[in-house]
Amino acid sequence: MWKSAWLVSLILVYGGVDPRPTSGRASNPNPMPVFATSSTEAAVVGLSTATEDRQSLEEYHEFLRFLNNPNHKNAPFGSKFVVRHLVALTAVLPEGLKDRLQVPEATEARNPVLLAESAGTVILRWWNRQDRYPATQVNERLLEHLQRVSYAYRHYDREDSEYCLDDRGKVYLRFGPPGRSRHLNLGRGGELWVYSFHSAAEYVFVKKRGSGYRIARPTELVPGRFRRGLGPSERGMKKAVRGISLLEKIYEQLSHFRSRYGIVYSDLSMYREQIRQAMQGLSPPFDVRPHTFVTQKMEEIRHYEAEARRRKEKTLPASHTNIDDGVEELPIAARWLRRLDEDGETVVDLYWSTATQALQTSVSEEGGGASSKYLFDCSLVEFTESFDQQDVQKTHLLHTPKQPGGTLQTQRESFSLEEARHAALQVDLFRALVEGDMVQPQSKLKVGTSRADSIEALQGDPTVLEMSDLRPVVWRDSLDSMGGAPVYPFRTLSASTQLGIRFDLYHLMTNSGGQTRYTIAYEVQRKMEQEGVAGLLGRQTEERTKVATTVEGERSRTSELIVLDPENWEKKEESQSIRVTVRVVDEQSEQSVKRSVEFDFSEREK
């Protein structure tokens, strides 16, 4: 009896026609429209000028200043504008920063008053840290974000709210347009987006009435009537077979984009072939009935997709930029160190370097190799406290690696500082062609940046004890003088690193005999990850080494050197952080000052 009902169900569902879909070509569901609009939105379609770009950024900066005091009268922005940009910030800000500034609460209540104090200033600083090219006149990453906001609200807004975006819009704000995409014109209808910057960056969207598209499992493309009411009855069997047919078509389309979908497609296709053969009497009915098979398969998919989603949330960044996607990042090691000059004015010295190995690109190029010549185009940029570009210093460096490994000789740039400001270093790396005295930059290989936010001037008052920032130096006994030790700009120490700490003291008080007396105390603090379960829980052990000495002299301004013992970090633990703190007490004036510097330990050589 069951066999008869089973075959009738097959014939009714398939009608003797092979249900396998034809292969479709991937398409982009987001063709960029061309439309006449304001200067802010013109950038979305690539029609804006440099002036319009700057105007767009200035308007957004004004919006961020408004967030610092959203209670003031005559607000220049309407509630719709404000809420939409809060929604956009919710999509791209890191979780910790977003929660600290109370952005989700303000967005949900549609009330910027709920934001934390000075939220606009903090967000502006965060945006400036995202700027990959600080030497240019505009923040390209922020401009890209504004373009995404405008585009998303034109194409992915929800029908039930003028403020909200569907899940496609939220993903678009984070990552921009997908590298590959496809309409899934099956079942409930949906879309697949796949990004190339990370293997986990893929999304299946299912259309939902009223609220646009939401992120879903592929099985949710199957209408609910084919996922519920399955059973051994003739009707339940028909639903199960139809559900298998739809799932096979769905996974066949998905398998063209990600190989992991091909495994499920293969299982579904094999089972459907068994159905076809049973229907034609070519093979006996099999043990697993359709309603049992499809129920089990959907449960497997649910568990697998849930794990994939957890992995995605853990590994994907909060956002990704597509600006100069083909240019790799150059890792820059830099230290921004303050000192006082002879006139008591603050000078900032920037010391930077990079590992020679980092000059090689991940893609082999013609002309590469040990004898390659590289041109470093360096821009030291100074900004005002409000992040307006104030000055740019340009330098160029021609470099020929002499041997594999090692580091670029430490470079130094300096500028004077009268009041708090921000600064950034941008290093563009080019392959160089040298012909006689002429050096021509060829292909651009990498870009590296380093930033220093809110650098404050040192105390120039001669009645106040002051101290320079700590300068890590590579110390060798063979050096003739303390001044000959090169600054070590890297954060990572190895077991063989011979490290010293240099610093300057200013405004030491002298007694009636013209003598100074001060105590230097330094502490080396090591934090190490514990082994076993404790390490998995993030627990650490801590060790401290303290040394103090009293110095007498005759000068109110002096330089000191502390030579550190490598045993402070030469341990077996692979993962540890090191913090060196120097505290100086002027025994004459009883004033004190302290500075700290931090490192990470690695068993590998720099």
| request: Would you indicate whether the side-chain heavy atoms of Leu330 and Leu359 approach each other to under 4.5 Å? | output: yes
| Given the rule in the salt bridge (Lys or Arg N to Asp or Glu O under 4.0 Å) test, do Glu385 and Arg125 qualify, once you have shown the distances and angles that lead to the verdict? | CA-CA 10 Å; Glu385 184 62 18; Arg125 289 180 178 176; 3.3 Å; yes
| request: First locate atom CG of Leu493, then atom CD of Gln498, and finally report the distance between them rounded to the nearest 0.5 Å. | output: 11.0 Å
| Ionic contact status for Glu144 with Arg148, cut-off 4.0 Å | yes
| message | Check this for me: does any side-chain nitrogen of one of Asp504 and Arg557 sit under 4.0 Å from a carboxylate oxygen of the other? | response | no
| task | Report the residues that fulfil ring-ring contact (aromatic ring centres under 6.0 Å, His included) with Phe387, sequence neighbours left out, ordered by chain and then residue number. | result | His422
| query | Quick check: are there more than 12 heavy atoms from other residues, nucleotides or ligands sitting under 6.0 Å from CZ of Arg583? | reply | no
| query | So with a 6.0 Å cut-off around CZ of Arg129, is the heavy-atom count from everything else above 12? | reply | yes
| request: Give me the ring orientation class for Phe63 and His85: parallel if the planes are under 30° apart, tilted from 30 to 60°, perpendicular past 60°. | output: tilted
| What are the two closest heavy atoms between Leu173 and Ala88, and how far apart are they? | CD1-CA, 3.7 Å
| query | Are the side chain of Lys312 and the backbone N or O of Glu202 linked by a donor-acceptor pair below 3.5 Å? | reply | yes
| said: If only side-chain N and O atoms count, and only distance matters, is there a donor-acceptor pair under 3.5 Å linking Arg431 with Tyr374? | reply: yes
| query | Can you check whether His507 reaches Leu340 side chain to side chain, under 4.5 Å on heavy atoms? | reply | yes
| Is the closest side-chain heavy-atom distance between Trp352 and Leu408 below 4.5 Å? | yes
| request: Hey, could you give me the CG/CG distance between Leu505 and Leu465, rounded to the nearest 0.5 Å? | output: 6.5 Å
| task | Check whether the side chains of Gln390 and Asp388 place a donor and an acceptor atom closer than 3.5 Å, and report yes or no. | result | no
| request: For the pair Glu466 and Arg339, find out whether any cationic side-chain nitrogen is under 4.0 Å from an anionic carboxylate oxygen. | output: no
| Side chains of Val381 and Gln426 in contact at under 4.5 Å (non-hydrogen atoms) | no
| said: Using only atom types and a distance under 3.5 Å, with no angle test, would you say the side chain of His396 pairs donor to acceptor with the backbone of Leu375? | reply: no
| task | Compare all side-chain heavy atoms of Val103 with those of Leu97 and state whether any distance is below 4.5 angstrom. | result | no
| message | How about CD on Glu329, more than 12 heavy atoms from neighbouring residues, nucleotides or ligands closer than 6.0 Å, or not? | response | no
| message | Within the supplied structure, the quantity of interest is the number of heavy atoms (other residues, nucleotides, ligands) at a distance under 6.0 Å from Lys394 NZ; does it exceed 12? | response | yes
| Are Arg421 and Glu382 close enough for a salt bridge, meaning some N to O gap below 4.0 Å? | yes
| request: Look at the side chain of Arg526 and the backbone N and O of Ile578, then say whether any donor-acceptor pair between them is shorter than 3.5 Å. | output: no
| task | Give the C-alpha distance, both sets of side-chain angles, the deciding distance and a yes or no for side-chain hydrogen bond (donor to acceptor under 3.5 Å, both in side chains) between Ser414 and Asp349. | result | CA-CA 4 Å; Ser414 302; Asp349 295 320; 2.6 Å; yes
| field | Whether Arg335 side chain and Phe490 backbone form a donor-acceptor pair below 3.5 Å | value | yes
| said: In terms of relative ring orientation, are Tyr172 and Tyr156 parallel, tilted or perpendicular, with 30° and 60° separating the classes? | reply: tilted
| said: If you count heavy atoms of other groups shown closer than 6.0 angstrom to CD of Glu117, is the number above 12? | reply: no
| task | Please say which of Leu433, Val439, Thr400 ends up in a side chain to side chain contact (heavy atoms under 4.5 Å, CB included) with Lys373. | result | Thr400
| remark: Smallest heavy-atom separation, Asn68 atom then Ala119 atom, equals OD1-N, 3.5 Å
| said: Within the 3.5 Å criterion, strictly below it, is a donor on Gln130 or Thr321 matched to an acceptor on the partner's side chain? | reply: no
| Would you say Lys98's side chain and Thr90's backbone share a donor-acceptor pair under 3.5 angstrom? | yes
| task | State whether the side chain of Gln411 and the backbone N or O of Gln409 hold a donor-acceptor pair below 3.5 Å, judged by distance alone. | result | yes
